[in-house]
Amino acid sequence: MILALQEWLAAQVRAVARDSFGAELGHVAVQYPPKIELGDIALTAPFDLAKTLRRKPRDIAEALAPALAKLPGIRRAAVAGGGYVNLFLDRGRFARDLAGALAAKSAAAAVPGSVVVEHTSINPNKAAHIGHVRNATLGDTFVRVLRARGRTVGVQNYIDDTGVQVADVVVGFLYMEGKSQAEVEAIPGKFDYYCWELYARVGDFYAASPENKARQAEVLHAIEEGGNDVARLAEHVAERIVVCHLATMRRLDIRYELLAHERDVLRLHFWDRAFELLKQSGALRLETDGKNAGCWVLTMAGEAEGDADRIDEDKIIVRSNGTVTYTGKDIAYQLWKLGRLDRDFNYRRHSTDDSGHLVWTTTSGPGEPGAPAFGHATSAFNVIDVGQSYPQRVVKAGVAALGYVAEAENSHHLGYEKVVLSPATARALGYSVGEDDAIVKVSGRKGLGVKADDLIDALIAKAESEIELRDAERDAVARRRDATAIAVGALRYFLLKFGRSKIITFDMEEALAFVGETGPYIQNGVVRARNIFAKLVADGQDPARLRERALGLDLAALLEGEEGDEVWTLLLLIARSEEAMELSVRSEEVAPLAKHAFAVAQAFHSYYQKPRYSILHAESDDLRAFRAFVVDTFIRQMEALLGVLGIPVPDRM
RNA sequence: GCGCCCGUAGCUCAAUUGGAUAGAGCGUCGGCCUCCGAAGCCGAAGGUUACAAGUUCGAUUCUUGUCGGGCGCACCA
């Protein structure tokens, strides 16, 4: 509702500027004064007009203010600072509109087209670690925001089941442990943990002799070839690990619509088709001499047009031996995502989780009927670490080179920095750390890192002991359930509060914190707010009637004065949630939304903590109704926000 | 060498994308449980936004340069 208000306001400001000065305004920024006394909404239009009109911003503001003050829903307009026009809103009307919008759970208008988001995409050869969880949490949250803002989104998890990493573990099973497929299948317990340890030892095995190292290429070749025992073992390993990954992510409420397998990209000849297209269009060039002789290369034009002397090196897409690089396969996959490859996968049902959510998988065998339409999206987001920026740029350039300029434009790389370990945490995990090391890099190859399931377990254990401290009577099932919700909230918020370009130094103690700027702090606000309503009901009050009564009150009057100002600050912040989500979509960054949720919780905590604003002990029925209305509004918005952040709300905490 | 990212309070991070007196959390110090739950609240101390120029009404934000740190630039994935 606040976005509609802003849009309307912007149009009014443009009209007033036209009437007063005959000037045309482009974008009209709607901001917020640093202090509530200065006004509710700040306009910077006078500064923009000052440039073209060659007059002082302040004079322009003085001229605009009276006309703006006359607008409906605006109480008055004041000129402040160097030339701001600050508007004071009709608070009662605003509050009523906000409550109406929240009660209606009014969804954002549907945006035409569809979006594919690819995230997680962990090599299926070991357990997921904290870095993978950052990827999945970021991707999943972005998907939730997109959906909240009206996009139709399909989530894909790319399974690189024919790559060297899977091959390495297969080498481990076959040549280090001498296991048959039956023996591998018989391995009990957490298979992803087993492979984690095994994978960490393969490096040493390769280093021991050239013969050992030669096994890697041998196995990789057999896997790519398919239809043999080695490939079947690889298939088993990858599939079983994927099941582990899905289970781990499910704990964090992260789901997928499709598991896209690299094996099927190969078997269904996606690349062959893409190669034809790229050759036809002249996007790829066969080098006849020089260091790249015999290779098909893609010319990477400089970022800026006409920047001829800044042309990057050509990127090899097809090697001189005729095999395609990873980047080439990725171009084919990207073309398919965007509906520009006249090939499709076959699909079959993969599994249904405990919530009833169905995941499909690609297959090169016969497909099952009933699959929804995958791919063919108008835009695609690839959640991949920032180290992959260059290959991602190549993929984009490949799409563009085919003449699909819009599609390339709509290919987004949602890059994020890595997660490293604090020395303390690395030591606690038993790794030797140098005295002057500020950080320790995780390394799947060395088995160095915090496994996702271990971390979640530790968080749940911590939450359980915290619950034990305050609520010893709580039965085991409920305690476990709430501890899990707290753990998930803590972990997701911890990973979301950092901007994408920030390296996260993971420290166990910090991640286990439940106080301060954390998920549990936000959850606590909602739990306690709900508790107030529970007490009201226990007191014989009817929340629905309180709400009814509140809407019949003179809200404008109640939103004045000391308590009124404080409530108003909270309501305005709540209303800005819609704006925060939209900003999150536009900036492709979810951290500000997480911070916003925290800010709302903080404003609420500050308000309801004060005994003089008590609801149960309110001085009058009207005041009780008014305050209940505020709490109700907070709960509704917070439930929506936490839903978008994927943070559950415990019953008690 | 070229490209990208980062540098803001003791520590970890924000800053509405060029706006008003740069804000939070942790930590430190001091208060608040006869008061809807203290996983909370209130207050204090803490800043030359790495440095230097420039652009303009206005710069943490844009430009250039310098310094420091990270990553990328494979016929690996």
Side-chain angles (χ1 to χ4, degrees), chain A residues 29-35 38 42 44 47 50-51 56-58 80-84 86 123 160 162-165 220 262 291-297 303 310 312-313 315-323 325-327 329-330 385-391 393 415 417-418 420 438-439 463 466-467 469-471 486 490 497-505 507 510 513-518 520-521 523-525 527-529 531-536 539 576 579-580 583 586-587 591-592 595-596 598-599 602 605-618 627 631 652-653:
Chain A
V30 175
Q31 305 187 348
Y32 300 88
K35 286 193 159 187
L38 291 171
T44 54
F47 295 112
K51 289 192 185 87
K56 284 183 180 167
R58 185 130 189 140
Y84 291 93
N86 289 338
N123 271 300
D160 184 5
T162 52
V164 286
Q165 294 217 21
L220 185 59
E262 178 164 274
K291 60 172 181 164
N292 293 341
C295 298
W296 289 86
V297 302
E303 294 286 275
R310 255 198 58 221
D312 291 325
E313 288 270 300
K315 173 70 186 170
I316 291 164
I317 303 297
V318 179
R319 305 180 186 107
S320 54
N321 67 6
T323 58
T325 61
Y326 171 88
T327 311
K329 281 181 275 189
D330 235 23
D385 79 274
V386 78
Q388 303 294 314
S389 296
Y390 178 64
R393 258 179 50 222
E417 271 292 358
K418 55 187 164 294
V420 299
I439 58 155
E466 294 288 330
I467 291 171
L469 282 176
R470 328 163 197 235
D471 196 1
I486 292 166
K497 72 176 175 180
F498 301 96
R500 289 197 275 120
S501 62
K502 279 288 194 294
I503 295 173
I504 297 179
T505 302
D507 184 79
E510 200 185 328
F514 295 158
V515 299
E517 197 201 333
T518 64
Y521 174 94
Q523 293 171 317
N524 191 241
V527 169
R528 289 175 65 178
N531 201 35
I532 293 170
F533 273 92
K535 294 223 162 161
L536 280 171
D539 239 32
R576 291 183 60 191
E579 183 187 321
L583 179 72
R586 276 212 321 275
S587 62
K595 297 261 182 192
H596 170 77
F598 175 74
Q602 206 174 27
H605 265 129
S606 167
Y607 168 68
Y608 90 121
Q609 174 76 21
K610 299 185 176 77
R612 63 178 183 278
Y613 300 149
S614 174
I615 293 161
L616 294 174
H617 312 294
R627 289 171 186 163
V631 175
R652 276 157 63 180
M653 63 187 292

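The figures here come from the full heavy-atom set of this structure, side chains too, leaving out hydrogens, waters and symmetry mates. All values reported here derive from a predicted model rather than from experimental measurement. In what follows, chains are A, B, ... by sequence order, proteins preceding strands, each numbered from 1.
- Using a 4.0 Å heavy-atom cutoff across all strands shown, A:Gln165 reaches no nucleic acid atom at all.
- B:rC42 and B:rG69 are spaced 41 Å apart, taking the P atom of each and rounding to whole Å.
- Each of A:Ile467 and A:Ser320 lies near RNA chain B, and the nucleotide nearest A:Ile467 is the one positioned closer to the 5' end.
- Look at OH on A:Tyr608: it is 13 Å from C1' on B:rC35, rounded to the nearest Å.
- Checking B:rU21, B:rA39, B:rA20 against every side-chain atom of A:Ala42, the shortest atom distance belongs to B:rA20.
- Across B:rA39 and B:rU60, the matching P atoms stand 40 Å from one another, rounded to whole Å.
- Looking only at distances, a side-chain donor or acceptor of A:Arg627 sits under 3.5 Å from a matching main-chain atom of A:Ser614.
- Anti is the glycosidic conformation of B:rC71, whose angle departs from 0 by more than 90°.
- Under 3.5 Å, the side chain of A:Asn531 and the base of B:rG37 form at least one donor-acceptor pair of N or O atoms.
- Counting atom types as modelled, A:Asn86 pairs a side-chain N or O with a base atom of B:rA20 as donor and acceptor under 3.5 Å.
- Taking atom C1' on both B:rU61 and B:rU8, the two are 12 Å apart, rounded to the nearest angstrom.
- Its glycosidic angle being more than 90° from 0, B:rU28 falls on the anti side.
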Can you give the dot-bracket line for RNA chain B, where a pair is Watson-Crick or G-U wobble with both atom distances under 3.5 Å, crossing pairs use [ ], and | marks a partner on another strand? (((((((..((((.....[...)))).(((((.......))))).....(((((..]....))))))))))))....
What does the B/S/- profile of nucleotides 8-15 of chain B look like, 5' to 3', with a 4.0 Å heavy-atom cutoff to protein? ----SSS-
